[in-house]
Amino acid sequence: MAWKIELGNSVVYGICDGSVARDPLEYLIGSTSADWAMHADALDQAGLMVNSFTCYLFDTGSDLVLIDTGFGANAPEGMAAGYMPDELASVGVSASDIQHVVFTHLHPDHILGSLDANQDPFFVNATHWTLKREVDHWHATDDQRAPRVLSVVEVLEGAGVLNPTDEPTPVLAGVERIATYGHSPGHTSIRLSGGGDEVIVTGDLTWSPVQADHPEWTSPFDGDPAEAAATRARFLDEVTASGTPFLAGHHPQPGFGRIVSTGDGRQYEALPVSDA
Ligand SMILES: [Zn+2]
């Protein structure tokens, strides 16, 4: 079910492509059973960490911007994912309506939905934004995901719709990219603003609300664990000081919240969303 938050006259829709449930000890390296006993509310009834695959549709009134695409038509067999096209349709948007697709980074769960089942571009009228350093990384790495990632890059390049930039320049007014390298070499977060309000789409900076007080816990998908942890710690310091709310696509739905100080630490505070 899609949901929304409003920023002035602009609207951010949460478009959930699906989710998986994972062993928290395996997927947040550094955490212990004792830690999770204190954070049982962050796990499901089976004691697993639920990771959503959430994309965000930003409607400024004049432009439609999609941040990340989930797996879409290319969801792995057996995974509860691939719902992005239906979720878009549920808010009255078709793929051809979208002018900009912004990738936080080029991991498969963020880009495979940009192709249809025939491996052609799905968002036929959209410019697809990423960073050159992110594309360069996938050409240079022996990561086993690289062939699949590059297959998407090559289709988008071939169609002339990929726009890899040197710097994380703004996409348009109210859609500003922020360098948050570490999870991947060209990982960016996206600041959305409207009507004096703002929210940050964090990409893969955090995987669970419990990382609010444990930025050192890394995911096995953090490409450079030390840099990812340092970037996460810096981001959490900044949003604790500023109070800026953020949208974390891999947190359980809806994943909209902020960080508050608790005296001896800090904690994640969920914020409400509306039905779309
Ligand atoms: Zn991810």
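Both ligands and their constituent atoms are indexed starting at 1 by order of listing. On a predicted model such as this, the values are computed, not experimentally measured, just so you know.
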For this session: Applying side chain to side chain donor-acceptor pair (under 3.5 Å), name anything that partners Asp68, two or more places apart in sequence or on another chain.
Result: Thr104, His110
For this session: Please determine if the Zn ion (ligand 1) has an N/O/S atom from His110 lying under 2.8 Å away.
Result: yes
Exercise. What angle, in degrees and rounded to 10°, do you get at the Zn ion (ligand 1) when you join it to NE2 of His250 and to OD2 of Asp109?
Worked result: 90°
For this session: Describe, in one word, how the ring planes of His105 and His187 are oriented to each other, choosing from parallel (under 30°), tilted (30 to 60°) and perpendicular (over 60°).
Result: tilted
Problem set entry | Qualifying salt bridge (Lys or Arg N to Asp or Glu O under 4.0 Å) pairs, either residue in residues 193-210, two or more places apart | Arg191-Glu198
Problem set entry | Matching residue for Asn74 among Val152, Asp116, Leu112 - test: side chain to side chain contact (heavy atoms under 4.5 Å, CB included) | Leu112
Exercise. What N, O or S atom of Asp204 is found closest to the Zn ion (ligand 1)?
Worked result: OD2
